[in-house]
A.B. asks: 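Encoded as structure tokens, here's the structure I'll be asking about.
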Amino acid sequence: MALGPSGVSIRDRLKGLIGADEEVLRLVGEHLGQLAARDLKDRCAAGLDHDTDAWADRKRVLTGESSSRWAGSITRAMHDQWALSRRAQLAHIQGLEAGIRTIAYRLSLPLGEKGSKRAPGGYRTVQEWFAKSRRLQVLRDRLERERSDWQVGRVRVVRGGKRLLRHRHHLEVAGLTEAEWRRRWEAQRRFLQADGESGKRYGNETIRVTPDGEVSVKLPAPLAHLANAQHGRYVLAAKVSFPHRRDAWRQRITANRAVAYRIHEDVDRCRWYLTASWTIPAAQTVPLRAARVNGIIGVDTNADHFAAWRLDEHGNPMGGPRRFFYDLSGNAEHRDAQVRHALIRLLHWAKRHERNLAIENLNFEADKTREKHGRRKRFRKLICGMPVAKLRSRLVGMAAELGITVVGVDPAYTSKWGVQHWQRPLTSTNRKITRHDAASVAIGRRALGHRIRRRTTPPPDDQSDRRGHRIAQAEPGARRREGTRPRIPGPRTRSDGAGRGENAGNQCAQHRSGHAAEPAQPMLSL
């Protein structure tokens with residue numbers, strides 16, 4: 001059972017900002033960004049020797065140039081950045097180790113030896129073998145450096161993003177001018193986010209938003225002369241309304257509960273946005289048995305669509321398959337929007353039929369290395385482009401709002417067994433079933449606790465059920481699980497007319513002594 005979301009984040013545009021407001025926001029963001037860069041440097045230099053005393057020293061140094069609340073937000077954000085870099089460093093080490101194991105194994109095999117589905121084969125040519133032997137040494141050197149950094153807690157972080165930094169040396173390839181790149185770089189390095197405080201006015205003393213949408217910012221000490229309100233605050237001309245979750249947000253700030261805010265600039269659109277976020281108690285997940293009561297919807301995740309099929313509580317497909325398409329080309333924002341729209345259509349369809357969802361618990365972290373798939377560049381690009389982690393978080397959060405439970409299913413052999421047992425029986429002249437539709441049935445049956453296969457093997461003795469029931473679609477205690485075949489009206493063969501033929505329920509219609517093979521026909525009077 002997938003756990004519900006633990007936080008909420010909403011965003012609204014700061015409409016009606018005047019030139020003075022934008023200038024003040026840029027000055028405050030650049031000043032705090034410089035303090036954040038300096039604090040991140042100190043945090044990275046401390047490494048694993050960092051403790052509460054070092055944290056207090058960092059905050060004490062920043063308080064004199066900003067405020068105690070700004071200093072607390074900066075130190076906490078930079079510590080989170082350092083922790084994120086540590087997790088990325090560990091993932092990089094694990095990827096290097098996987099690549100080294102694969103290359104070493106393939107180098108030990110004879111040239112041209114074929115591989116299997118579970119293990120790769122040997123390299124094809126001597127040139128490829130020699131190139132991979134050199135790459136093995138390169139990966140071992142990289143692994144040694146990363147392990148030495150990991151042991152001492154040394155990480156490498158770029159405030160603003162390493163990709164954007166590299167664009168500075170390749171402006172023509174990125175399609176940017178130097179002025180456009182500079183604006184993006186400065187916008188990414190600004191720091192305008194403040195943590196909330198329960199018990200304080202409207203849940204945040206640094207960036208305060210009133211119930212009617214008025215936004216004010218507590219200015220740092222060196223910029224206090226720019227204030228246009230009391231107590232060193234600057235009130236923006238723009239107001240926010242938060243169309244999404246407005247009532248929940250207002251109830252929270254009127255109760256003076258903590259709400260964190262972040263102000264950032266979208267350089268491409270020349271707009272400013274305000275993001276509000278807060279934590280919520282974890283949603284109580286229902287028992288797995290309760291999620292299976294009315295059946296379930298099996299969902300198969302693919303590179304360009306979701307394949308879904310409704311199943312009843314016995315694992316039988318109902319209706320027809322549904323496909324929800326999306327396009328993962330383009331930038332990250334476009335891909336994220338496509339995934340959201342597909343998930344909205346899927347969840348609304350599940351809500352109409354009052355079914356919960358069963359989806360594969362995918363994880364491609366161990367399969368993204370190029371050493372495992374060799375020359376299959378297209379397949380590596382396919383699995384690397386699937387936003388598995390973001391899709392999982394989006395689905396869980398959106399499903400919790402609609403009251404839909406999400407069941408994670410082991411993805412092993414769902415596509416293979418779905419094709420083997422379900423694709424051909426569900427295909428008809430008017431409906432073509434793809435392997436992804438069959439996989440959705442397999443996923444739903446696994447979530448319901450049934451076997452994926454339609455029938456078990458026949459009993460070894462004869463065609464009777466001496467060794468147990470052969471149908472694997474229903475539980476032994478299910479009603480109407482097996483019964484007599486219904487009487488089909490009409491002749492049993494084409495040579496018989498209407499009302500003729502043998503009847504399985506008539507004991508006289510058996511080929512035995514003393515009984516006629518056909519029922520007696522009435523005499524017709526002329």
Side-chain angles (χ1 to χ4, degrees), residues 3-18 21-22 24-25 28-29 69 73 77 192-218 228-229 233-266 268-284 333-334 336-352 390-391 393-406:
L3 298 178
S6 59
V8 174
S9 179
I10 56 178
R11 188 180 70 171
D12 194 12
R13 180 185 172 188
L14 291 172
K15 298 181 180 179
L17 286 177
I18 61 178
D21 296 342
E22 295 183 1
V24 169
L25 290 178
V28 174
R69 291 187 173 88
S73 299
L192 277 172
Q193 63 185 48
D195 300 329
E197 297 177 88
S198 295
K200 299 297 181 180
R201 189 178 182 185
Y202 302 132
N204 199 314
E205 284 287 340
T206 308
I207 300 178
R208 181 183 299 167
V209 183
T210 61
D212 59 354
E214 182 184 82
V215 183
S216 62
V217 180
K218 175 68 175 180
N228 60 359
R233 307 189 69 87
Y234 187 90
V235 181
L236 301 178
K239 291 189 176 182
V240 294
S241 58
F242 292 117
H244 182 57
R245 297 179 180 270
R246 178 188 305 170
D247 296 336
W249 169 74
R250 284 185 175 177
Q251 292 177 3
R252 193 169 184 86
I253 63 173
T254 52
N256 295 332
R257 301 181 63 185
V259 179
Y261 294 103
R262 175 176 175 263
I263 301 175
H264 67 281
E265 180 186 9
D266 190 339
D268 297 333
R269 299 181 179 181
C270 298
R271 297 176 179 178
W272 290 80
Y273 292 91
L274 176 67
T275 303
S277 58
W278 61 89
T279 58
I280 58 176
Q284 297 293 331
E333 295 181 356
H334 176 265
D336 188 32
Q338 289 285 313
V339 170
R340 288 201 314 270
H341 294 166
L343 289 178
I344 288 173
R345 298 195 299 271
L346 172 62
L347 291 172
H348 285 179
W349 178 64
K351 188 67 175 179
R352 287 196 302 269
K390 185 173 291 186
L391 185 149
S393 61
R394 289 283 186 190
L395 176 61
V396 170
M398 297 168 67
E401 292 300 317
L402 296 176
I404 297 176
T405 303
V406 180

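We're numbering straight along the sequence, starting at 1. These numbers were taken from a predicted model, which means no experiment stands behind them.
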A.B. asks: Can you list everything that forms a ring-ring contact (aromatic ring centres under 6.0 Å, His included) with Y234? Sequence neighbours excluded, please.
C.D. replies: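 Per chain and number, Y234 pairs via ring-ring contact (aromatic ring centres under 6.0 Å, His included) with no residue.
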
A.B. asks: So V215 and V240, do their side chains get closer than 4.5 Å, heavy atoms only?
C.D. replies: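 Yes; the side chains approach each other to less than 4.5 Å.
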
A.B. asks: Looking only at heavy atoms, what is the nearest atom pair of A237 and G16, with distance?
C.D. replies: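 What the structure gives for the nearest pair is CB-O, 3.7 Å.
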
A.B. asks: Taking only residues two or more places apart in sequence or in another chain, which ones pass salt bridge (Lys or Arg N to Asp or Glu O under 4.0 Å) with R252?
C.D. replies: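 In terms of salt bridge (Lys or Arg N to Asp or Glu O under 4.0 Å), with neighbours along the sequence ignored, R252 is linked to no residue.
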
A.B. asks: Any chance you could measure L14, atom CG, to R271, atom CZ, to the nearest 0.5 Å?
C.D. replies: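 Here the interatomic distance stands at 12.0 Å.
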
A.B. asks: Keeping R246 on the side-chain end and S241 on the backbone end, is there a donor-acceptor pair under 3.5 Å?
C.D. replies: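 Yes; judged by distance alone, with no hydrogens or angles, the pair exists.
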
A.B. asks: Can you name the salt bridge (Lys or Arg N to Asp or Glu O under 4.0 Å) partners of R250, sequence neighbours left out?
C.D. replies: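 Per chain and number, R250 pairs via salt bridge (Lys or Arg N to Asp or Glu O under 4.0 Å) with no residue.
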
A.B. asks: To the nearest 0.5 Å, what is the distance between CG (N204) and OG (S73)?
C.D. replies: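 If I round to the nearest 0.5 Å, the distance is 7.5 Å.
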
A.B. asks: Going by atom types only, do H264 and R262 share a side-chain donor-acceptor pair under 3.5 Å?
C.D. replies: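 The answer is yes; a qualifying pair exists.
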
A.B. asks: Name all residues meeting the salt bridge (Lys or Arg N to Asp or Glu O under 4.0 Å) criterion together with D195; count only those two or more places apart in sequence or in a different chain, and write none if there are none.
C.D. replies: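 Once residues adjacent in sequence are excluded, the partners of D195 under the salt bridge (Lys or Arg N to Asp or Glu O under 4.0 Å) criterion are R76.
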
A.B. asks: Is the shortest side-chain N to carboxylate O distance from E401 to R245 below 4.0 Å?
C.D. replies: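 Salt bridge flag = yes for R245 with E401.
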
A.B. asks: Only pairs at least two apart or in different chains count here, so list each salt bridge (charged side-chain N to carboxylate O under 4.0 Å, His left out) that has a residue in residues 196-215.
C.D. replies: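 For residues 196-215: R69-E197, E205-R208.
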
A.B. asks: Calculate, to the nearest 0.5 Å, the distance between atoms CG and CD belonging to D268 and E333 respectively.
C.D. replies: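 Those atoms lie 7.5 Å apart.
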
A.B. asks: Ignoring hydrogens and angles, tell me if any N or O in the side chain of D21 forms a donor-acceptor pair with the backbone of L236 under 3.5 Å.
C.D. replies: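 Here the side-chain-to-backbone pair does not exist.
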
A.B. asks: Checking side chain to side chain contact (heavy atoms under 4.5 Å, CB included) for the pair Y202/V259: CA distance, chi angles, key distance, verdict?
C.D. replies: CA-CA 8 Å; Y202 302 132; V259 179; over 6 Å; no

A.B. asks: Taking the side chain as every heavy atom from C-beta outward, state whether T206 and V217 have any pair of such atoms under 4.5 Å apart.
C.D. replies: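 T206 does not reach V217 side chain to side chain.
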
A.B. asks: How about CZ on R13, more than 12 heavy atoms from neighbouring residues, nucleotides or ligands closer than 6.0 Å, or not?
C.D. replies: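 Yes.
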
A.B. asks: Atom NE2 in H348, atom CD1 in I404: separation rounded to 0.5 Å?
C.D. replies: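 One finds 8.0 Å between NE2 of H348 and CD1 of I404.
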
A.B. asks: Could you tell me whether the side chain of Q193 reaches within less than 4.5 Å of the side chain of Y261, counting heavy atoms only?
C.D. replies: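 A side-chain contact under 4.5 Å is absent here.
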
A.B. asks: Other residues, nucleotides and ligands only: do more than 12 of their heavy atoms fall within 6.0 Å of CZ on R352?
C.D. replies: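 Yes.
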
A.B. asks: Report the distance from atom CZ of R340 to atom CG of L343, rounding to the nearest 0.5 Å.
C.D. replies: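 R340 atom CZ to L343 atom CG measures 10.0 Å (nearest 0.5 Å).
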
A.B. asks: What pair of heavy atoms forms the shortest contact from P5 to A400, and how long is it?
C.D. replies: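 Distance-wise, the nearest heavy atoms are CD-CB, 3.5 Å.
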
A.B. asks: Hey, does the Lys NZ or Arg CZ of R11 hover above the aromatic six-ring of Y273, less than 6.0 Å from the centre and inside 45° of the axis?
C.D. replies: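 That pair qualifies as a cation-pi contact.
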
A.B. asks: Decide yes or no for M398 and I344: does some side-chain heavy atom of the first lie under 4.5 Å from some side-chain heavy atom of the second?
C.D. replies: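 The answer is yes; the side chains approach within 4.5 Å.
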
A.B. asks: Does W278 have any ring-ring contact (aromatic ring centres under 6.0 Å, His included) partners at least two apart in sequence or in another chain, and if so, which?
C.D. replies: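 Once residues adjacent in sequence are excluded, W278 has no partner under the ring-ring contact (aromatic ring centres under 6.0 Å, His included) criterion.
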
A.B. asks: If only atom types and distance count, is the side chain of D12 paired as donor or acceptor with the main-chain N or O of T275 below 3.5 Å?
C.D. replies: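 Side chain of D12 to backbone of T275: no pair is present.
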
A.B. asks: Tell me the closest heavy-atom pair linking V209 and I253, and the distance in Å.
C.D. replies: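 In this case the closest contact between V209 and I253 is O-CD1, 3.9 Å.
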
A.B. asks: At what distance, to the nearest 0.5 angstrom, does OG of S6 lie from CD1 of I280?
C.D. replies: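 One gets 7.0 Å once the value is rounded to the nearest 0.5 Å.
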
A.B. asks: Show the numbers, then the answer: is there a side chain to side chain contact (heavy atoms under 4.5 Å, CB included) between L347 and L402?
C.D. replies: CA-CA 8 Å; L347 291 172; L402 296 176; 3.6 Å; yes

